Amino acid sequence: MAAEILMVPIHLDALYLRKDRSVVETMADFSRLPYFDGERDINSDVANLSEEILSQPFEDRGLQLPTGVHLHWALPDALTRGFQPRKKLPALTRMKDR
């Protein structure tokens, strides 16, 4: 069982809010880009251009963060890089989300 365990250091940021707060949304919503999910095209009516997914700076304060602790974490660089064997699709290391 010990061979199946991988302990990885992560960078963790925490934001504590005493009350709900309205904040500016992210600059880009990458979920709006077109892609193929293996069965069908998603967002095929959207051009694959950055201007299609970028928000206008400081115009949207529609994101409401509730009271509490909000966590943001990042994996080490070594686990965020992929590799591409010759004549094959790129591959990334699979990481658990919890």
Side-chain angles (χ1 to χ4, degrees):
M1 170 110 176
E4 296 176 13
I5 297 173
L6 173 65
M7 295 185 70
V8 177
I10 62 171
H11 179 87
L12 179 68
D13 292 316
L15 172 64
Y16 171 68
L17 296 176
R18 293 178 192 246
K19 60 181 180 176
D20 291 0
R21 184 172 186 175
S22 177
V23 296
V24 176
E25 291 190 13
T26 58
M27 289 185 63
D29 180 3
F30 293 98
S31 67
R32 292 175 39 205
L33 282 174
Y35 64 95
F36 182 70
D37 71 355
E39 295 181 12
R40 61 187 173 98
D41 288 325
I42 307 295
N43 298 331
S44 58
D45 59 330
V46 177
N48 196 3
L49 301 171
S50 63
E51 60 204 31
E52 293 289 339
I53 64 166
L54 292 177
S55 301
Q56 294 302 315
F58 305 107
E59 287 189 7
D60 186 7
R61 296 187 64 85
L63 181 61
Q64 193 73 13
L65 291 179
T67 301
V69 178
H70 300 267
L71 301 177
H72 178 267
W73 61 274
L75 290 170
D77 288 342
L79 296 176
T80 62
R81 304 286 189 261
F83 61 92
Q84 184 170 3
R86 274 195 176 172
K87 298 181 181 181
K88 292 188 179 180
L89 294 174
L92 293 172
T93 304
R94 290 190 64 88
M95 299 300 300
K96 294 188 178 194
D97 65 351
R98 303 268 179 225

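No experiment lies behind these values; they were computed from the predicted model shown. Only this structure's heavy atoms are used, side chains among them; waters, hydrogens and symmetry mates stay out.
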*Out of curiosity, Arg21 CZ to Lys19 NZ, how far, rounded to the nearest 0.5 Å?*
9.0 Å
_Any side-chain heavy-atom pair of Ile10 and Leu75 under 4.5 Å_ = yes
*Which heavy-atom pair separates Val46 from Arg32 by the least distance, and what is that distance?*
CG1-O, 3.6 Å
_Residue pair Asn43, Leu33: steps toward the side-chain contact (heavy atoms from CB on, under 4.5 Å) verdict_ = CA-CA 6 Å; Asn43 298 331; Leu33 282 174; 5.9 Å; no
_Tell me the closest heavy-atom pair linking Leu17 and Thr67, and the distance in Å._
O-CG2, 3.3 Å
*Which heavy-atom pair separates Ala14 from Val69 by the least distance, and what is that distance?*
CB-CG1, 4.1 Å
*What are the two closest heavy atoms between Glu39 and Asp37, and how far apart are they?*
N-OD1, 2.9 Å
*Closest heavy-atom pair and its distance - Pro34, Ala47*: CD-O, 4.3 Å
*What heavy-atom pair brings Pro76 and Pro9 nearest, and what distance separates the two atoms?*
CG-O, 3.0 Å
_In one Ile/Leu/Val/Met/Phe/Trp/Tyr side-chain cluster, 4.5 Å: Ile42, Phe30_ = no
